[in-house]
Amino acid sequence: MHSKNLYLFSANSKRTMKTILAMLLMVSMIFSWIPQAVASVDPNIHIGEVSGKPGEIVEVPVSYDSKGSEFSFYHSELSFAYDSAVLELVEGDEVVNQQAYENYQGVSLTKDTSVLGFIQIVMTNQQFIDQSTVLYSLHFKIKDSATASASSVILHSGVLIAQNDLFQVTGENGKVTVLSDEKPIGNGLVSIGSAQGKAGDKVTLPVDTVSLDQPIGSFGVRLKYNPAALQVINVTGDVPGIQYNANNETGSVIVGWSDEDGGQSPIPASESPQALFKIEFTIASGAITGDYPVQVVDTTLPEHFTVTDTDAMEMNKQIVPGKISVVGSPVTPTTPSNPGSSGSGSSSGGSSTPSTPASTSEKITVNVTNERNTNAVVSATIIERTTGADGRKKDEVNLTTEQTSRAIESLKKAGSNIARIMIPDEKDEVSLLNVKLPAKSTSLMADEKMNLYIETDNASLQLPANSLQGLGSDIFFHLVPIKDTAGREVVEQRIQNDPLIVKSSSNTADFRLVGRPMTIETNMSSRPVTVVLPIRETNLTQKEMDKLQVFIEHSDGTKELVKGKIVKFNGTDQPGIEFEVTKFSTFSMILMNGTSSSAYIQGYTDGTFRPNQAVQRAEMAALLSRILPSDSDEATLDTSYRDMPAAEWAREAITKATAAGYMRGNAAGDFMPERSITRAEMAVIIERLLNRKDITGAVTTTELTKEATDITLHWAREAVQRVLATGVMSVSPDGAFRPNEAVTRAEAVTLLNRLVHIEPELSGTSRWKDVSASHWAYGAIQAASQN
């Protein structure tokens, strides 16, 4: 019995030893790729600090700080705590910028977000992390309800594994600073009305708001008029507290109002017109027939035109000029007129009135079609053509509700959504076209998603259905072609001396006015309308047509150059230039042989630019493809990334940026289009761009005497240093470069402008309601987002 037990013991011992040896062999095989680690005693995790506004997405970097030790690890288990009332993780994309995971040949990275306010991240690499580096970034959205404050992100618990040894780590807390959400700049459109009368009559000119998106706390306006023809008698207010001062010798009247309750009784915001005040004029007894403008000389000067909100902040404002039309024949006065008096200007019974030819009118029926031919008629409307005593012809078109309803029914049956009104002027004799669209007509077209095209020999207006939605009032368009040589010369001289032209062209010989300038006025503001102007010159080459631009002088005093695109004018073989606007005034086609810059970034449909929003990699590729030349033929490229479907809209831009060497994907074949681009990555891109001869020539590099404080052990250190030496990028006052923070839209345009030498544009009013003139990147954003 004893010998049998001894045998069993011996056999069991052998089996146990074999099992242990097998396990050791397996362990050695599994971890054969792990290099030897050197233990240390003070590993540290550093959490970064970022800032943003409610609703914005931010990335909080998590870094390993070696503290100068020789500690190395391949496996980390870190848990972070955050205030869930302020921050929320971006679902499905909670961990981004996985730099260490990619650089050290990651094996696995998992995350646990099952507990609100906590996230645990477990990461394993094939290579040891043995120096300070960014591990990854936490991806948060700042809640819309968050108030301005600092919200901590802390290391709740964490261990680092060096071979089989487990080390507890300490953490340096980070934070997300919630910035106050600035009040948006208000927008207001004011319209000076029109009136008509005979010499000696008293007429009343209304001044109304067309639309206000914020309440008004005060306004002031200085209006100019012709004192030889018009004299101000009185100004009455539709809001209490109107003040005015008229000078009938210089032809100027100043009207002002402010809320005496300190913002408690403002003029309310409204999309519908509201009356502000009325100006009562006397038409001088000797005034000749014609139109006399009443307008603001310079809308950009606060002393000429100002509108503030209830917090006394200046609003974005526009004003449509008005006029008083003198009709009939002048009255011969019996006594000299006295400027500044409020006399009626009536004549005595013995005075005589010289006779003048009477005005004549005719009615012309025109078809409303869904095609540009007479066989596609869907309705008809009437042109009332008036020939004035001075021989000038004026057209009036009123698209009635009945005509609109009939057109819509026919269009629906024909399966079309475009109604065209073609207004003829075969003899080129009409000097003014007035088109009136009643509120019910535009409402019907908007509800049925019908687009309206108004086509004339001098211009075409394309009003999309969404621009007709919710107008709430009658809409008018005044189209005035500037036909006479004297008028063209005045426009050309005005444009030639404008800073936009001087800036875009090295000499005035590079500029030429092409075709016929057009003045188009409307009370439909801030709604996109496509305008097409005919190219009348038949001897232009294709190269010259490609250089055509439209110089726009807006009624609010702002100006811009628009490139547009060449199309067929009104469906004919005649070329035209097409562009989109949201406000109107005088449009002049010009040929620029010099250089000019074009917009390469735009804002959003709500009128914002969102300067603090992070730029995604796909967006950066798009910006680079627009602003920089590509040496590659896109047709021969075969660049494909696994995640390209996530950014199909930017496929061409990503392909070009990759082929040109500006940007690259990772070793796994991903471009990561939706990931925010960091300042370190931006520095690398800029360094690549600076190697181009066409960019390097104008960039001066100097030797930096001091390194940025937070890039000593960063993977992009050398690139950052070289870019800092050029001055294209810079450090913050405390010496930090913030390499792992996301590049914002404002930073992106500032850097790209510096690269391609686009100067800041500080003149004019801001294009974007969330970028005021005091914004640090105002000039760069203006220059990058407008032609």
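A 4.5 Å side-chain heavy-atom check between Ile686 and Met729 finds at least one atom pair inside the cut-off. In this structure, the side chains of Val153 and Leu138 come closer than 4.5 Å at one or more pairs of heavy atoms. No side-chain heavy atom of Leu713 sits under 4.5 Å from any side-chain heavy atom of Thr133. You'll find the side chain of Thr110 stays beyond 4.5 Å of the side chain of Ile121, heavy atoms only. Under the 4.5 Å side-chain criterion, counting only non-hydrogen atoms from C-beta, Tyr600 is in contact with Val749. Side-chain contact between Ser785 and Trp768 is present, with heavy atoms from C-beta onward closer than 4.5 Å. Taking 4.5 Å as the limit, every side-chain heavy atom of Val684 sits out of range of all side-chain heavy atoms of Met682. Residues Gln120 and Leu78 are not in side-chain contact: their nearest non-hydrogen atoms beyond the backbone lie 4.5 Å or more apart.
Between the Thr310 side chain and the Gly217 main chain, no donor and acceptor come within less than 3.5 Å of each other. Without hydrogens or angle criteria, Glu102 side chain to Gln99 main chain gives no donor-acceptor distance under 3.5 Å. Using modelled atom types, no side-chain atom of Thr726 and backbone atom of Leu724 make a donor-acceptor pair closer than 3.5 Å. Although no hydrogens or angles enter the test, the distance criterion places no donor-acceptor pair under 3.5 Å between the side chain of Arg617 and the main chain of Glu674. At distances below 3.5 Å, at least one donor-acceptor pair connects side-chain atoms of Ser132 with backbone N or O atoms of Ser66. Judged by distance alone, the side chain of Asp670 and the main-chain N or O of Asn666 form no donor-acceptor pair under 3.5 Å. A donor-acceptor contact shorter than 3.5 Å links the side chain of Asp643 to the backbone of Met672. Under a 3.5 Å cut-off, the side chain of Glu94 and the backbone N or O of Glu91 do not form any donor-acceptor pair. Listed for the His46 side chain is no donor-acceptor partner under 3.5 Å among the backbone atoms of Ser63. The closest donor-acceptor contact from the side chain of Lys143 to the backbone of Ser84 lies under 3.5 Å.
A pairwise comparison of heavy atoms in Thr744 and Pro611 identifies CB-O, 3.3 Å as the closest pair. Shown here for Lys111 and Gly92, the closest heavy-atom pair between the two residues is NZ-O, 3.9 Å. Residue Phe579 comes nearest to Gly564 through the heavy atom pair CB-CA, 4.2 Å, listed as atom of the first residue, atom of the second, then distance. Nearest approach of Ser72 to Asp130, heavy atoms of both residues: CB-CB, 3.7 Å. In terms of heavy atoms, Val562 sits closest to Ile552 at CG2-CD1, 3.6 Å. In terms of heavy-atom proximity, Gln98 sits nearest to Tyr136 at CA-CB, 4.2 Å.
Ring planes of Phe128 and Tyr74: perpendicular class, angle over 60° (limits at 30 and 60°).
For the ring pair (Phe, Tyr, Trp, His ring centres under 6.0 Å) test, no residue two or more places apart in sequence or in another chain qualifies with Tyr104.
Both the sub-6.0 Å distance and the 45° axial angle are satisfied by Arg745 relative to the ring of Phe609.
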- Item | Working for side chain to side chain contact (heavy atoms under 4.5 Å, CB included), residues Met313 and Ile185 | CA-CA 8 Å; Met313 297 295 293; Ile185 299 174; over 6 Å; no
- Message: Determine whether His75 and Leu160 satisfy the following criterion, side chain to side chain contact (heavy atoms under 4.5 Å, CB included), listing intermediate values before the conclusion.
- Response: CA-CA 6 Å; His75 181 89; Leu160 304 178; over 6 Å; no
- Message: Using side-chain hydrogen bond (donor to acceptor under 3.5 Å, both in side chains), reason through Ser676 and Glu59 one step at a time and then give a plain yes or no.
- Response: CA-CA 8 Å; Ser676 299; Glu59 297 178 18; 2.9 Å; yes
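From Thr113, atom OG1 reaches atom CZ of Phe80 across 14.0 Å, with rounding to the nearest 0.5 Å. Atom CD of residue Gln105 and atom CG of residue Asn125 lie 9.0 Å apart, to the nearest 0.5 angstrom. Rounded to the nearest 0.5 Å, atoms OG1 (Thr582) and CZ (Arg527) are 11.5 Å apart. Here the CG-CZ distance, from Asp710 to Arg717, works out to 12.0 Å after rounding to the nearest 0.5 Å. For the atom pair Gln127 CD and Asn103 CG, the distance stands at 9.5 Å (nearest 0.5 Å).
Ring centroid separation for the pair His156 and Phe118 comes in under the 6.0 Å cut-off. Ring to ring, Phe71 and Phe167 are close: their centroids are under 6.0 angstrom apart.
For the residue pair Tyr641/Thr658, the side-chain donor-acceptor check at 3.5 Å is satisfied. In summary, the side chains of Ser152 and Asn173 do not present any donor paired with an acceptor at a separation below 3.5 Å, with no hydrogens or angles considered.
Annotation for Glu580: atom CD counts as buried by contact number, over 12 foreign heavy atoms lying within 6.0 Å.
For the pair Lys67 and Glu172, the salt-bridge criterion is met [side-chain N within less than 4.0 Å of a carboxylate O]. A salt bridge does not link Glu56 to Arg610: none of the charged side-chain nitrogens sits closer than 4.0 Å to a carboxylate oxygen.
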Throw together a table of side-chain donor-acceptor distances under 3.5 angstrom for residues 732-740, partners on residues two or more places apart or in other chains.
from	atom 1	to	atom 2	distance (Å)
Ser732	OG	Asp734	OD1	2.4
Ser732	OG	Ala736	N	3.4
Ser732	OG	Ala736	O	3.0
Asp734	OD1	Ala736	N	3.1
Arg738	NE	Glu741	OE1	3.1
Arg738	NH2	Glu747	OE2	3.4
Asn740	OD1	His714	NE2	3.1

